[in-house]
Each structure stands twice: as C-alpha cells, then as structure tokens.
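Just below is one structure, and these are the notes that go with it.
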Amino acid sequence: MRFRIVILALSFLMLNLVGCDDKDYSDDIDALKKELEETKASIKTLQDLTNALQNQLFIDSYEKTDDGYTLKMSDGSKITVTQGKKGEDGTDAPAITEIKETEDAMEFIFSNGNTITLPKNEKYDVITLDIEVTEINRQFEFSFTISDSDYFGYGPLFSFPENLEINWGDGWMTGNCRHKYKKAGNYTVTIKAKQIYGLKPEYVEKIKSIDISQCSNIKYLDLSYCEGNVTLRNSKNLIEIEGNSNNDITELNLENLPNLRAVRIGSFYTEKSPLKGINFTDCPKMEILDISSTMLTTIDISGLTNLYDFRCCNTMATIGVWEGFDVTNYSDWSVPEGVKYEVKK
C-alpha cells in the first residue's frame, strides 16, 4: 500500500511542476524518489528471501556490509540484505529491523513481525585419522551402522552416512568404506559425510590418532586399532566409547564431551593392557565406566557424579571421588576389596 502511495504522490508532484519554480519542489521530489527506491529494495529483498526459503536454498557464503549482508546462495544467486529502521505499522513496506546470526542459520526479522530463517551451508561431519600401513593389499574397512553396543543395545543402530566420501590419503577418494593400499607407509584418512552417527574400524592395522571434533553428530565410537596417547574432545553428541579389545592405547584423555554416558576401555588380554591412565574433563553425564580389562592402579572419577555403574580392575588401589560419595549407595559397583577412596576438591 505504501509503495502505491509513494508512486501516486510522485506523479502528482510531477504534474504540478508546470509553471512552477523547480527549486520549490526539487527537495520533495528527491525525497520521494529516495523513498520509492528504498521501498522497491525492501520489497525485492522480501521476495528474494521468500523465494530462497520456498526453494530450500541455503547460504553458501556471505559478506558483512556497513548496513547488512550480501548473501551467496546455494544456487549461485546473490541477495543483498539491508537492515533498516522500523516504520509505522501498516504504512511502510516491511523492512528488516534485526538480523540474528547463529551457528547454523541467519534470521531476518521484519518490521511487521515476520521472520525468515535461512540455513547456512550444509554442514558435513568430518573424522580424521592418521594410520600406519605395513601390509599391502590388505583390505581396510570402516563400519558406520554398528551392529550392537553395551549402551544402545542391538542394531543396526544407525543409518549409513549420506554422501559419504573417504579420502584414503594415497590419492584415492571413494564412497566405499573398504580400501586396499598398494604401498606401506603412514596415511591421513579423512571421512566426510552429511551425518556420521557411528564409527567402528573393522580391519585397520594401526590408528595413531583420531580427531572427531568436526563430527557433530557422532554418538558411538569404537577405538579398536588405536595406539598411544588418544585425546577425544569437543564432540557434543558423543554418547558411547568402546575400546575393550584390539587396541594399544597408553593414555586416554576425554575432554568436553557433554553427553558422554558410557566408556569401556581395556585389552583382550588384561595382563597385557598398556593403558597407564584415563582422564575425564567436563564429561558431566557419565553413567557407565568399565576398566576391568586394564592394569590401572589409580583413577580420578571425582567429576563423574552421575556414575552408577563402575567395573574396575583387580589392580586398582586408589579411586578419587567427589565429596559426599558413599559406595554403599551403588549396587553396580565392582571394585577390588581394600581399594582406597580419596575425596578430590
């Protein structure tokens, strides 16, 4: 409505300019022209954002300008978004009065109260592993669907990742979860897909390091074939870690895993377990911890106040606990007789 009024007003002024001094009207005409252009721009922005939403486009990239953003959409088109001032209700064309940016989307709030939310570039889960290959033509394989787990039960538990790409580090990139190396050596494997919920190395020689910090959806991780010092951090949805056989982990550090609930770590032959320590930092929801197949002598669980199922090794001598801890409150608590509890502050 405001758009039509501006056009009519401009037309009226132009008709009445005949016989009048141009100076008397030049300021009014310039102001109306400016308002007309701003109104047209507001309408175009609204149409462009609405079309992007209807066509399920996402923001591929964007640049911040002095008064808004320039958006490059997933179909290659560009949208210029300008944040304006709120006009009188019902009189101005809807203008963007506020732009909110989140991790996954951008929200455009209009003067009429409507909001259009456009997602940012589709996020892919990425897992990176450094592996060692000594046997050529041996088939390496990763499993993603997971047949069963202590915490989740029997499966298959998860769907196969969509748009899976595995860069095997030897010049090959495939959508296949199996691969044979032609040369021995050290390789960096990058697994990329839209959603990776579970990962289990089925046939891998040695995994020297693993990074899941860029995999926001992973819930289950098997640490088979891992060796040395392993650190897992900043994975918000990881729930279960399995590592009770086929590994040579010497130290396991778990940091900022807010939804981690269950960990089982050890070796097939307990007396040969190389694990020297396991450390928890910001893992507040831990419920189940099984280290019965290790030779650990001490562990600090003082930050795991939700822990109710604890299976410990026979070599354990000292356990760090939280203030107010009472072992008699726990029925699923298996520790050697005579173990010492120390309150950590």
Side-chain angles (χ1 to χ4, degrees), residues 125-144 146 149-150 166-170 177-192 196 198-215 218-235 238-257 260 262-281 283 289-300 311-313 315-316:
D125 284 334
V126 178
I127 298 176
T128 305
L129 307 96
D130 290 320
I131 68 171
E132 181 180 348
V133 176
T134 59
E135 299 179 28
I136 62 174
N137 291 320
R138 172 180 175 174
Q139 181 167 272
F140 285 65
E141 181 179 347
F142 294 103
S143 174
F144 300 95
I146 313 303
S149 84
D150 277 356
I166 302 181
N167 185 335
W168 296 95
D170 61 348
C177 55
R178 300 181 181 91
H179 185 67
K180 291 182 179 180
Y181 287 92
K182 301 301 181 183
K183 292 182 179 180
N186 296 315
Y187 298 93
T188 297
V189 178
T190 303
I191 303 172
K192 179 181 177 183
I196 302 174
L199 178 67
K200 179 179 181 179
E202 295 284 4
Y203 301 104
V204 179
E205 283 189 76
K206 293 181 181 180
I207 299 176
K208 293 181 172 295
S209 71
I210 180 169
D211 181 5
I212 61 169
S213 62
Q214 301 303 311
C215 186
I218 193 165
K219 298 178 183 293
Y220 175 94
L221 179 64
D222 191 304
L223 294 179
S224 294
Y225 307 103
C226 288
E227 67 174 23
N229 190 324
V230 174
T231 297
L232 302 174
R233 60 165 64 95
N234 302 333
S235 184
L238 183 63
I239 293 176
E240 182 177 5
I241 296 172
E242 168 65 47
N244 208 37
S245 62
N246 296 328
N247 75 74
D248 288 310
I249 298 173
T250 55
E251 185 170 319
L252 179 61
N253 300 298
L254 305 176
E255 303 171 6
N256 191 27
L257 304 174
L260 185 63
V263 173
R264 188 167 69 144
I265 187 74
S267 294
F268 186 78
Y269 297 104
T270 301
E271 64 277 8
K272 294 183 179 180
S273 171
L275 189 68
K276 303 299 182 183
I278 178 171
N279 305 299
F280 296 90
T281 304
C283 303
L289 177 59
D290 184 350
I291 54 171
S292 56
S293 297
T294 72
M295 298 291 286
L296 291 176
T297 58
T298 183
I299 189 172
D300 182 359
R311 283 159 271 177
C312 196
C313 47
T315 54
M316 184 62 63

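Small disclaimer: the values here were computed from a predicted structure and weren't measured.
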Sub-4.5 Å side-chain heavy-atom contact between Leu129 and Phe142 | yes

Salt-bridge criterion met for Lys208 and Glu227 (N-O under 4.0 Å) | yes

Give the C-alpha distance, both sets of side-chain angles, the deciding distance and a yes or no for side-chain contact (heavy atoms from CB on, under 4.5 Å) between Lys183 and Asp170.
-> CA-CA 9 Å; Lys183 292 182 179 180; Asp170 61 348; over 6 Å; no

Report yes if the side chains of Lys192 and Val126 come closer than 4.5 Å at any heavy-atom pair, otherwise no.
-> yes

Ignoring hydrogens and angles, tell me if any N or O in the side chain of Asn247 forms a donor-acceptor pair with the backbone of Ser267 under 3.5 Å.
-> no

In Thr128, Ile212, Ile196, the residue satisfying side-chain contact (heavy atoms from CB on, under 4.5 Å) with Ile191 is Ile196

Starting at CG of Leu232, measure out to OG of Ser209 and round the result to the nearest 0.5 Å.
-> 10.5 Å

Test side-chain contact (heavy atoms from CB on, under 4.5 Å) on Val189 and Phe140 and set out the steps.
-> CA-CA 11 Å; Val189 178; Phe140 285 65; over 6 Å; no

Tyr220: what forms a ring-ring contact (aromatic ring centres under 6.0 Å, His included) with it, not counting sequence neighbours?
-> none

Donor-acceptor contact below 3.5 Å, side chain Thr297 vs main chain Thr315 | no

Rounded to the nearest 0.5 Å, what separation is found between the CD1 atom of Ile291 and the CG atom of Asn244?
-> 11.0 Å

Sorted by chain and residue number, the salt bridge (charged side-chain N to carboxylate O under 4.0 Å, His left out) partners of Lys180 (sequence neighbours excluded) come out as none

Would you name the heavy atoms of Glu205 and Arg138 that are closest together and state the gap between them?
-> CG-NH1, 3.0 Å

State, yes or no, whether a side-chain contact exists between Ile241 and Leu260 at a heavy-atom distance under 4.5 Å.
-> yes

How far apart are the closest heavy atoms of Ile136 and Lys182, and which atoms are they?
-> CG2-O, 3.5 Å

To the nearest 0.5 angstrom, please state how far the CD1 atom of Ile239 sits from the NZ atom of Lys219.
-> 4.5 Å

Could you tell me whether a side-chain N or O of Gln139 sits under 3.5 Å from a main-chain N or O of Arg178, the two making a donor and an acceptor?
-> no

Taken to the nearest 0.5 Å, the spacing of Asp290 CG from Cys312 SG works out to 9.5 Å

Short side-chain to backbone donor-acceptor contact, Glu141 and Ser143, under 3.5 Å | no

Closest non-hydrogen atom pair, Thr294 against Gly266 = CG2-CA, 3.7 Å

Walk me through it: do Arg264 and Asp150 pass the test side-chain contact (heavy atoms from CB on, under 4.5 Å)?
-> CA-CA 9 Å; Arg264 188 167 69 144; Asp150 277 356; 3.2 Å; yes

Flag the pair Ile127 / Gln214 as yes when at least one side-chain heavy-atom distance between them is below 4.5 Å, and no otherwise.
-> no

Under the 3.5 angstrom rule, does the side chain of Tyr225 hit a backbone N or O of Glu202 as a donor-acceptor pair?
-> yes

Measure the shortest side-chain to side-chain distance between Glu255 and Thr231 over non-hydrogen atoms and say whether it is less than 4.5 angstrom.
-> yes

For the atom pair SG (Cys215) and CG (Leu199), what is the distance rounded to the nearest 0.5 Å?
-> 8.0 Å

Please check if any side-chain donor atom of Asn279 sits under 3.5 Å from a side-chain acceptor atom of Asp300, or the reverse.
-> no

Are the side chain of Tyr181 and the backbone of Trp168 linked by a donor-acceptor contact shorter than 3.5 Å?
-> yes

Could you tell me whether the side chain of Asp130 reaches within less than 4.5 Å of the side chain of Asn186, counting heavy atoms only?
-> no

Report the C-alpha separation of Leu275 and Met295 in whole Å, then their side-chain angles, then the decisive distance to 0.1 Å, and conclude whether the side-chain contact (heavy atoms from CB on, under 4.5 Å) test is met.
-> CA-CA 7 Å; Leu275 189 68; Met295 298 291 286; over 6 Å; no

Any side-chain heavy-atom pair from Ile210 and Leu221 closer than 4.5 angstrom?
-> yes

Kindly give the heavy-atom pair with the smallest separation between Ser224 and Pro201, and that separation in Å.
-> O-CG, 3.7 Å

Just how far is it from atom CG of Asn253 to atom OG1 of Thr281, taken to the nearest 0.5 Å?
-> 7.5 Å

Would you say Glu240's side chain and Ser149's backbone share a donor-acceptor pair under 3.5 angstrom?
-> no

So, do Phe280 and Leu257 sit near enough that their side-chain heavy atoms are less than 4.5 Å apart?
-> no

